[in-house]
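We count residues from 1, following the sequence as given.
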Amino acid sequence: MRIITSVEELNELYGGTSEASIAKVTTALTPLYRRMIEASPFMALATVGPEGLDCSPRGDLGGVVRVQDDKTLLLPDWRGNNRVDSLANIVRDPRIALMFLIPGSNTTMRLNGRAVVSIEESLLASFEMEGKHPRSVVVITIDEVYFQCARAVMRAELWKTETFVDPASLPTPGMLLKAAKGDFDQETYDREWPARAAKSMW
């Protein structure tokens with residue numbers, strides 16, 4: 001198998017970049033970039049730590065992050081499985097990367113920066129939902145932000161309902177757990193999961 005072993009080989013293979021691919025990168029939010037990010041209810045959060053890389057889905061009503069200013073985003077950490085992989089990485093290595101999706105739009109937003117995990121009480125309280133607060137808030141400092149070429153979302157036909165997969169055709173979470181741990185009680189897990197999730201969203 002032939003493989004690329006240097007950046008020089010990559011550049012020779014792919015050629016130069018366009019003016020737009022460079023010009024779109026900014027070191028802070030522009031008003032239009034802010035509109036895009038505030039419209040996004042879902043993103044992927046990538047972090048790095050001593051054990052390696054992690055990429056975690058994050059979603060929230062009315063926008064997945066709060067824009068504090070043109071250099072700072074706030075990400076509440078709501079209920080989950082308590083693995084804290086992303087947070088454990090951030091407290092040891094602040095580098096992060098984000099990719100925001102906007103349902104119905106083929107344009108995604110990408111952001112690289114640094115983060116800290118805050119437990120400031122007033123900050124936690126400011127995110128109250130149904131009387132509950134997040135356990136922590138990830139405070140993100142922007143190093144660079146830009147929009148991504150729409151081709152990947154277009155090729156995937158991500159928002160085309162006719163291409164949506166029927167969830168009933170896929171393995172359930174209980175089935176996936178049983179495949180990983182043979183004696184796992186998949187029936188009970190799948191039966192109880194919807195009600196448990198509904199009661200522990202925040």
Report yes if the side chains of [X] and [Y] come closer than 4.5 Å at any heavy-atom pair, otherwise no.
X    : Y    : result
L73  : L98  : yes
P76  : H133 : no
V139 : T72  : yes
I119 : S136 : yes
V65  : D60  : no
T108 : F100 : no
P173 : D190 : yes

Show the nearest heavy-atom pair for residues [X] and [Y], with the distance to one decimal.
X    : Y    : result
M36  : T107 : CE-CG2, 3.7 Å
K24  : F147 : NZ-O, 3.0 Å
D93  : V48  : CB-O, 3.3 Å
K199 : K132 : O-NZ, 3.6 Å
W159 : S105 : NE1-O, 2.8 Å
W202 : L61  : CZ2-CD1, 3.7 Å

Is it true that atom [atom1] of [X] has more than 12 heavy atoms of other residues, nucleotides or ligands lying nearer than 6.0 Å?
X    : atom1 : result
M129 : CE    : yes
E51  : CD    : yes
R34  : CZ    : yes
R35  : CZ    : no
L176 : CG    : yes
F164 : CZ    : yes

Side-chain donor-acceptor contacts of residues 81-88 below 3.5 Å, not counting sequence neighbours, with atom names and distances?
residue : atom : partner : partner atom : Å
N81     : OD1  : R83     : N            : 3.0
N82     : OD1  : R135    : NH1          : 3.3
R83     : NE   : D85     : OD2          : 2.8
R83     : NH2  : D85     : OD2          : 3.2
S86     : OG   : D54     : OD2          : 2.9

Shared hydrophobic cluster, [X] / [Y] (ILVMFWY, side-chain heavy atoms < 4.5 Å):
X   : Y    : value
V25 : I96  : yes
L74 : V117 : no
L75 : W78  : no
L45 : I102 : yes
M99 : I142 : no

What distance do [X] atom [atom1] and [Y] atom [atom2] have between them, rounded to the nearest 0.5 Å?
X    : Y    : atom1 : atom2 : value
L101 : L158 : CG    : CG    : 6.5 Å
F127 : D77  : CZ    : CG    : 11.0 Å
L29  : M109 : CG    : CE    : 7.5 Å

Sub-3.5 Å donor-acceptor pair from the side chain of [X] to the main-chain atoms of [Y], do we have one?
X    : Y    : result
S200 : R196 : yes
E9   : T5   : yes
T188 : D185 : no
S40  : I37  : no
T163 : K160 : yes
T47  : I90  : no
S21  : S18  : yes
T30  : Y33  : yes

message = Tell me which one of T26, N112, L111 satisfies side chain to side chain contact (heavy atoms under 4.5 Å, CB included) with E144.
response =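 Among T26, N112, L111, the one meeting side chain to side chain contact (heavy atoms under 4.5 Å, CB included) with E144 is N112.
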
key: salt bridge (charged side-chain N to carboxylate O under 4.0 Å, His left out) between K71 and D69, worked out   = CA-CA 5 Å; K71 288 287 289 184; D69 56 51; over 6 Å; no

For F184, ring-ring contact (aromatic ring centres under 6.0 Å, His included) partners two or more places apart =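 ring-ring contact (aromatic ring centres under 6.0 Å, His included) check on F184 returns Y189.
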
query = Cation over ring, R58 on F42, under 6.0 Å and within 45°?
reply =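 Judged by the rule (NZ or CZ under 6.0 Å from the ring centre, within 45° of its axis), R58 is not positioned above F42.
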
